[in-house]
Structures are given as C-alpha cells and as structure tokens.
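Everything on this sheet refers to the single structure shown next.
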Amino acid sequence: MSLLEIMLQRRSIRKYTGEDISAEKLEKILQAGLLAPTSRNRKPCTLYVVKDRAKLEALSQAKNAGAAMLADCAAAIAVFGDPLKADTWIEDSSIALSYMNLMAVEQGVGSCWVQMHLREDREGQDAEQNVLEILGAPAHFRIVGILSLGMPAEMPEPHSLPDVGTETIQI
Ligand SMILES: Cc1cc2nc3c(=O)[nH]c(=O)nc-3n(C[C@H](O)[C@H](O)[C@H](O)COP(=O)(O)O)c2cc1C
C-alpha cells in the first residue's frame, strides 16, 4: 500500500476479535512510534506496552467515556511524554501516536487513539493521573493518549478524498 492508500484506509477500530497481535506486528508499530520526529530531537516519549488484562481493564476506566475498547484490546501502547526533556511533549507524543496509528493499518492491525490529556474519570479525577498510577510511571510524566490495538472485528469504510471535507486555502 502507498502511504496515501494507508491514510485512506486508516479508520478508528474499536472492536477486536480477541486474537493476539504477533510480536512482529507489534514491533513494527513500536518502531513507527520511535521513528517519529521530535522537536530539537529531544525524544521525550517513552512507550509502555500493556498486555496485562487487569491493567487494560483499569485503563478503560481511567476516563469517563471513550476508553471502553481498552478492556477488550490485545495490547495498548501508552505514550508518556517527559516535560523535563521537552516542552513539546504534547506535539511529540501526538506525532508518535499518529505514526503508530498508520503503521497499524499497514500491519492489518486495528487501532484507536484514546485521549487522556484534559480528560477526567466519572468521579472527576484527572485521567492522566489515573494512567500514571495504573502503570506506575514516574510522577512527572504526562500523557496525551493511549493507542489501543487488536485484530479488527469491524471494517469501517475507508476514507475518500472528496469526503474528508477540511478546506485548503491556496494563496
Ligand atoms: C486527538 C484525538 C483524540 C481521540 N480520542 C478518542 C477517544 O478518546 N476515544 C475514541 O473512541 N476515539 C478517539 N479518537 C478517534 C476519533 O474519534 C476519530 O479519529 C475520528 O472520529 C475520525 O474517525 P476515523 O479515525 O475513523 O477516521 C481520537 C482521535 C484523535 C485524533
């Protein structure tokens, strides 16, 4: 698939078959995250691969909505940013998430970005803080989001260029 084809195919996949993802596919997805560019090449991101079912279940409750698929995914990649290494941790983490999202398509793996930054759980607790505690990450780490991964049990229609809708302005 060309990069454009991958981008057209990329959809958020929230339902998974329950099959495991092969180590090779997971490795390729992680490589994509590690290859993402970072401001001043500071590389502030640490990728936590989570397969432990109890932790995945806990992560699915870390915010009040939109994280349920984490309880059923084969693996999740939590992208932590270290603000002491780079003030661009949000941008750097987001690019890593996007690169992995695209590589997942190339590998035939379903994935979905699960936002944690600026979100709360049902009790109004900060979702980022919940994720840090669940995964035992250093207290100063920050997290934009988690990528849920699994073999796809749904196949939404690919995007098509006339449908995407965002305007471009030619000057
Ligand atoms: C910054 C960002 C945050 C997102 N957060 C969530 C989320 O928390 N839960 C979820 O189910 N989908 C989330 N998504 C997926 C979007 O809902 C999805 O990308 C959008 O609806 C377009 O659909 P598509 O990915 O199938 O093209 C997020 C996507 C982005 C880019």
Side-chain angles (χ1 to χ4, degrees), residues 1-18 21 29 32-33 35-39 44-45 47-50 55-81 83 86-135 137 141-168:
M1 269 192 283
S2 71
L3 184 53
L4 184 61
E5 283 165 341
I6 290 171
M7 288 172 164
L8 289 166
Q9 292 282 338
R10 190 214 55 75
R11 295 297 313 274
S12 295
I13 305 294
R14 301 177 178 88
K15 292 195 171 73
Y16 312 110
T17 61
I21 305 170
I29 294 167
L35 281 164
T38 61
S39 176
C45 301
L47 310 181
Y48 280 43
V49 182
V50 188
K55 295 220 181 291
L56 289 171
E57 171 63 37
L59 289 174
S60 77
Q61 309 287 327
K63 67 169 183 164
N64 58 12
M69 74 294 265
L70 287 170
D72 304 319
C73 68
I77 303 174
V79 180
F80 285 104
D87 59 2
T88 51
W89 63 272
I90 295 179
E91 292 83 352
D92 297 332
S93 303
S94 300
I95 298 167
L97 281 160
S98 295
Y99 268 41
M100 294 192 291
N101 208 192
L102 291 172
M103 181 61 88
V105 176
E106 204 244 8
Q107 292 299 307
V109 172
S111 72
C112 187
W113 179 316
V114 185
Q115 181 77 11
M116 292 295 171
H117 180 53
L118 304 175
R119 299 290 179 264
E120 292 180 343
D121 69 12
R122 288 188 189 92
E123 277 76 48
Q125 305 269 12
D126 180 52
E128 277 196 63
Q129 197 56 42
N130 289 340
V131 176
L132 252 73
E133 282 167 19
I134 292 163
L135 299 181
F141 273 17
R142 304 294 307 269
I143 180 158
V144 168
I146 298 177
L147 197 69
S148 70
L149 297 166
M151 297 315 286
E154 60 177 347
M155 282 288 179
E157 283 293 303
H159 290 289
S160 66
L161 280 171
D163 294 343
V164 281
T166 305
E167 258 184 81
T168 61

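All figures in this text were calculated on a predicted structure; none of them were measured in a lab. First listed ligand is number 1; within each ligand, the first listed atom is number 1.
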[atom] - nearest protein heavy atom and its distance:
atom: atom 19 (O) of ligand 1; value: Ser12 OG, 3.2 Å
atom: atom 8 (O) of ligand 1; value: Lys63 NZ, 2.5 Å
atom: atom 9 (N) of ligand 1; value: Gly66 O, 2.8 Å
atom: atom 27 (O) of ligand 1; value: His159 NE2, 2.6 Å
atom: atom 13 (C) of ligand 1; value: Trp113 O, 3.0 Å

Between Arg14 and Glu154, is there a salt bridge with N-O shorter than 4.0 Å?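 Between Arg14 and Glu154 there is no salt bridge, as every charged N stays at least 4.0 Å from the carboxylate O atoms.
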Consider every N or O of Ala65 and every N or O of ligand 1, then say whether any pair is closer than 3.5 Å.
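N/O-N/O distance under 3.5 Å: no.
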For Met69, atoms of ligand 1 separated by under 4.0 Å from a heavy atom =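 Numbered from 1, ligand 1 contributes 10 (C), 11 (O).
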Would you mind running through ligand 1 and noting each atom that sits below 4.0 Å from a heavy atom of Arg10?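 Close to Arg10: 24 (P), 25 (O), 27 (O).
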- Message: Before you tell me yes or no, could you show the steps for Met100 and Leu47 under side chain to side chain contact (heavy atoms under 4.5 Å, CB included), namely the whole-Å CA-CA distance, both residues' side-chain angles and the distance that decides it to 0.1 Å?
- Response: CA-CA 11 Å; Met100 294 192 291; Leu47 310 181; 4.2 Å; yes
**Q.** Best match, Met7, Arg14, Gln115: closest heavy atom to atom 12 (N) of ligand 1
**A.**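 Answer by nearest heavy atom: Arg14.
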Quick one: CG on Leu147 to SG on Cys73, what's the gap to the nearest 0.5 Å?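 One finds 9.0 Å between CG of Leu147 and SG of Cys73.
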State the CG-CE distance between Leu102 and Met1, to the nearest 0.5 angstrom.
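Rounded to the nearest 0.5 Å, the CG-CE separation comes to 10.0 Å.
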Worksheet entry | Aromatic ring pairing Phe80/Tyr48, orientation class (parallel under 30°, perpendicular over 60°, tilted between) |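 Phe80 vs Tyr48 ring planes: perpendicular.
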Between ligand 1 and Cys112, can you find any atom pair, the residue atom being a heavy atom, that is separated by under 4.0 Å?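 A heavy atom of Cys112 does come that close to ligand 1.
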- Does Met116 reach ligand 1, in the sense of a heavy atom lying below 4.0 Å from it?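 No; Met116 lies far enough from ligand 1 that no heavy-atom distance drops under 4.0 Å.
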Quick one: closest heavy-atom pair of [X] and [Y], and the distance?
X: Ala71; Y: Glu57; value: CB-OE1, 3.5 Å
X: Asp92; Y: Ala86; value: OD2-CB, 4.0 Å
X: Thr17; Y: Pro152; value: CG2-O, 3.5 Å
X: Ala153; Y: Tyr16; value: CB-C, 3.6 Å

- Right, does atom 22 (C) of ligand 1 have protein non-hydrogen atoms nearer than 4.0 Å?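 So atom 22 (C) of ligand 1 lacks protein heavy-atom neighbours under 4.0 Å.
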Query - Proximity to ligand 1 by part of Arg119, non-hydrogen separation under 4.0 Å - result: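 Neither part.
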